[in-house]
Amino acid sequence: MSAEYEPAAPKPRDDGQAENFASGAVLEAPDGVRAALEAVLMVIDEPVSEEQLAAVVGLPTATIRDQLHELAREYDGYTKEGDAIPVRGFELRQLAGGWRVYSRPAYSEIVSQFVVDGQTARLTQAALETLAVIAYRQPVSRSRVSAIRGVNVDSVVRTLAQRGLIEEVGTDPVSGAFLYRTTAYFLERLGIGSVDELPQIAQHLPGLENLHEIENALL
């Protein structure tokens with residue numbers, strides 16, 4: 001009996017080659033560039049410039065600009081051929097030197113109700129830890145908070161801002177990143193007059209042993 005044929009295993013591709021191969025394949029797929037732009041636009045929380053997007057995708061800025069305008073028209077209910085399609089609940093706006101996805105104004109009341117309802121929910125452990133870091137390190141950037149916690153905190157920071165517990169306070173003079181601080185509402189919920197009255201646990205960060213006390217005060 002002849003031996004069973006076994007195909008040779010493919011040669012392993014190093015991580016850098018695999019990443020480049022995957023990125024190239026994605027961009028070369030139909031509408032791959034637009035999909036890549038959407039993927040980036042879904043994770044940013046401040047306008048991103050055409051130049052930044054072009055650098056990430058690896059295409060000329062003019063090409064990226066055309067793709068962004070097509071996306072904006074599609075979200076508004078039109079194809080590049082001019083045909084009408086359903087309008088999305090979000091829109092792509094160009095402002096402050098960049099592009100960003102926003103919820104459509106027509107649905108502002110629904111979105112506001114969702115945000116208000118969310119404010120009655122308990123903060124997650126991740127939100128409490130992030131809030132504590134901001135409280136003791138303010139003003140502080142998201143990247144700095146992420147470095148302290150060891151995880152990405154973008155979505156948590158958005159949640160805390162929506163609940164009125166933190167706010168933007170200028171930008172870092174070196175990196176240009178937005179800086180965050182706690183709000184008067186945060187102090188009100190804790191029952192203190194200023195951040196100077198916070199328990200002295202800064203030296204224990206990122207352990208954050210007193211999180212349960214903060215959680216109870218914020219409910």
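Excluded from the calculations below are hydrogen atoms, water molecules and symmetry mates; all remaining heavy atoms, backbone and side chain alike, are included. Everything numeric here is computed off the predicted structure, so don't read it as measured data.
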So do [Y] and [X] actually touch side chain to side chain, heavy atoms under 4.5 Å?
{"X": "Leu95", "Y": "Tyr102", "answer": "yes"}
{"X": "Asp76", "Y": "Arg104", "answer": "yes"}
{"X": "Leu179", "Y": "Val140", "answer": "no"}
{"X": "Val101", "Y": "Glu91", "answer": "no"}
{"X": "Leu123", "Y": "Leu165", "answer": "yes"}
{"X": "Leu131", "Y": "Phe186", "answer": "yes"}
{"X": "Pro47", "Y": "Arg93", "answer": "no"}

To the nearest 0.5 Å, how far apart are [atom1] in [X] and [atom2] in [Y]?
{"X": "Ile148", "Y": "Arg137", "atom1": "CD1", "atom2": "CZ", "answer": "5.0 Å"}
{"X": "Glu167", "Y": "Leu160", "atom1": "CD", "atom2": "CG", "answer": "12.5 Å"}
{"X": "Thr183", "Y": "Arg163", "atom1": "OG1", "atom2": "CZ", "answer": "12.0 Å"}
{"X": "Leu68", "Y": "Leu41", "atom1": "CG", "atom2": "CG", "answer": "6.5 Å"}
{"X": "Gln67", "Y": "Leu71", "atom1": "CD", "atom2": "CG", "answer": "7.0 Å"}
{"X": "Thr61", "Y": "Gln52", "atom1": "OG1", "atom2": "CD", "answer": "11.0 Å"}

In the single-linkage hydrophobic clustering (I, L, V, M, F, W, Y; side-chain heavy atoms under 4.5 Å), do [X] and [Y] co-cluster?
{"X": "Leu128", "Y": "Tyr185", "answer": "yes"}
{"X": "Val151", "Y": "Val145", "answer": "yes"}
{"X": "Leu59", "Y": "Leu53", "answer": "yes"}
{"X": "Met42", "Y": "Leu37", "answer": "yes"}
{"X": "Val157", "Y": "Val195", "answer": "yes"}

Inset, instruction - Taking only Lys NZ, Arg NE, NH1 and NH2, and the carboxylate oxygens of Asp or Glu, determine whether Asp66 and Arg34 approach each other closer than 4.0 Å. - result: no

Legend entry - Presence of salt bridge, Arg181 and Glu168, under 4.0 angstrom: no

Inset, instruction - Taking atom CD of Glu197 as the centre, report whether more than 12 heavy atoms of other residues, nucleotides or ligands fall under 6.0 Å from it. - result: yes

Legend entry - Full working for salt bridge (charged side-chain N to carboxylate O under 4.0 Å, His left out) between Asp172 and Arg142: CA-CA 11 Å; Asp172 185 281; Arg142 291 194 311 275; over 6 Å; no

Tell me whether [X] contacts the main-chain N or O of [Y] through its side chain, where contact means a donor paired with an acceptor under 3.5 Å.
{"X": "Glu50", "Y": "Ala62", "answer": "no"}
{"X": "Glu129", "Y": "Ala126", "answer": "no"}
{"X": "Thr130", "Y": "Ala127", "answer": "no"}

Inset, instruction - Test side-chain contact (heavy atoms from CB on, under 4.5 Å) on Val169 and Phe178 and set out the steps. - result: CA-CA 7 Å; Val169 55; Phe178 286 114; over 6 Å; no

Inset, instruction - Check the pair Leu198, Ile192 against side-chain contact (heavy atoms from CB on, under 4.5 Å), reporting the backbone distance first and the verdict last. - result: CA-CA 8 Å; Leu198 287 170; Ile192 59 178; 3.8 Å; yes

Inset, instruction - Measure centre to centre between the rings of Phe90 and Tyr75, then say whether the value is under 6.0 Å. - result: yes

Legend entry - Heavy-atom closest pair, residues Leu92 and Arg100: CD1-O, 3.5 Å

